[in-house]
Each structure stands twice: as C-alpha cells, then as structure tokens.
Amino acid sequence: MAERETVEKVRQEIVRFRELLSIMRVRLEAGEREYARLFTGTASEDNQTLKVKDLQWKLAEQMIDSDDTRPLSAAVLRMRFECHELDRAFEELHDNIMSEEIEE
C-alpha cells in the first residue's frame, strides 16, 4: 500500500487537473462570447437568417471595407494568451507528475 503522503500528492495533482479543466472551460466560453461580439455590428435580421458561413463572409467584408480587423485581432490575441497560460500550467502539472514517478 502506498504511503499516505504519496497518495495525497497524487490526489492533489488530480485536483489540479480538474481545476485546470474548469479554468479552460471558462476561458473557452469567454472566447465564444468574444466571437459572438464580433457580429454585433451586423444587422440582427442577418444574424437570424444567414447561414454561419454567409454571416462570417459579411463580417469579413465589413472589416475589409472599414479597414479594421482590430476586434478580430484582439480576440485572437486574448485567446492566444489564455491558451499559452493554460499550456504552461498543464506543462508544470505534467512535469510534477513525471518527476514524482522518477523518484519512486
């Protein structure tokens, strides 16, 4: 039977994994909201009637016509940062798990 201390360390890693998944879900939902906000400048009837591809096309045309892709760029940059932070957190957790396996 494993020592209680070892079991507790692994349990804490399991808890951290769950926490990271929850954070990832929240950040993904925030990204989805940012994506939806990109379409706030389009006509509401278009949002109701157009297929997604056509709506995206119309938004792209508006961005090109106004020479302003900053909202898209900002949304992508935020998600890039969020993903990078999560990647580092998962990497750290994985490294901790692997270092404990080596020690045993």
Side-chain angles (χ1 to χ4, degrees):
M1 185 97 184
E3 292 181 29
R4 291 183 60 79
E5 184 177 311
T6 303
V7 172
E8 180 58 21
K9 282 183 181 180
V10 173
R11 189 190 74 79
Q12 288 297 322
E13 291 162 348
I14 293 167
V15 168
R16 180 65 177 149
F17 182 52
R18 167 49 55 204
E19 289 171 348
L20 291 174
L21 291 174
S22 295
I23 292 167
M24 180 182 276
R25 186 173 296 108
V26 167
R27 290 181 181 177
L28 179 61
E29 289 169 358
E32 291 286 353
R33 286 189 300 275
E34 285 204 48
Y35 173 81
R37 267 194 299 274
L38 292 173
F39 296 92
T40 57
T42 59
S44 62
E45 64 271 0
D46 288 343
N47 291 341
Q48 304 292 325
T49 59
L50 292 178
K51 294 179 183 174
V52 172
K53 184 177 180 177
D54 295 332
L55 191 57
Q56 292 166 337
W57 184 274
K58 186 170 186 166
L59 177 60
E61 285 180 326
Q62 288 174 354
M63 287 181 172
I64 291 169
D65 289 345
S66 67
D67 195 29
D68 187 13
T69 57
R70 287 177 295 171
L72 176 59
S73 177
V76 170
L77 184 60
R78 270 189 290 283
M79 289 308 297
R80 180 180 175 192
F81 175 78
E82 298 291 352
C83 290
H84 179 69
E85 291 293 308
L86 278 168
D87 182 53
R88 286 184 16 205
F90 278 111
E91 180 181 9
E92 181 181 313
L93 177 59
H94 182 260
D95 289 350
N96 288 344
I97 293 166
M98 296 307 295
S99 70
E100 287 175 11
E101 286 184 10
I102 292 170
E103 290 173 8
E104 293 176 4

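Because the structure is a prediction, the values reported are computed rather than measured.
- Distance check: Lys58 NZ to Asp65 CG gives 11.0 Å after rounding to the nearest 0.5 Å.
- Side-chain contact between Asp68 and Met63 is absent, with no heavy-atom pair separated by less than 4.5 Å.
- Placement of Ile97 and Phe17 within a single hydrophobic cluster is found when ILVMFWY residues are connected by side-chain heavy-atom separations under 4.5 Å, directly or transitively.
- For the atom pair CG of Leu28 and CG of Leu21, the computed distance is 12.0 Å after rounding to the nearest 0.5 Å.
- Looking at Arg27, Arg25, Arg88 one by one, the single match for salt bridge (Lys or Arg N to Asp or Glu O under 4.0 Å) with Glu82 turns out to be Arg27.
- Looking only at side-chain heavy atoms (C-beta outward), Leu86 and Phe81 stay at 4.5 Å or farther from each other.
- Around the CD atom of Glu5, the shell of radius 6.0 Å holds no more than 12 heavy atoms that belong to other residues, nucleotides or ligands.
- Residues Val52 and Leu72 share a single hydrophobic cluster, defined by chaining ILVMFWY side chains whose heavy atoms lie under 4.5 Å apart.
- For the atom pair CD1 of Ile64 and CD of Glu61, the computed distance is 7.5 Å after rounding to the nearest 0.5 Å.
- Around atom CG of Asp95, more than 12 heavy atoms belonging to other residues, nucleotides or ligands sit under 6.0 Å away.
- Taken to the nearest 0.5 Å, the CH2 atom of Trp57 stands 13.5 Å off from the CD atom of Gln62.
- Taking hydrophobic clusters as Ile, Leu, Val, Met, Phe, Trp and Tyr residues chained together by side-chain heavy-atom distances below 4.5 Å, Met24 does not share a cluster with Val76.
- At least one side-chain heavy atom of Phe39 sits under 4.5 Å from a side-chain heavy atom of Gln56.
- Note that CE of Met79 and CG of Leu77 are 11.5 Å apart. Values are rounded to the nearest 0.5 Å.
- Note that CE of Met98 is 13.0 Å distant from CD of Glu91, once rounded to the nearest 0.5 Å.
- Scanning both residues, Arg16 and Ala89, for their nearest heavy atoms gives NH2-CB, 3.9 Å.
- Taking the side chain as every heavy atom from C-beta outward, Glu92 and Asn96 approach each other to under 4.5 Å.
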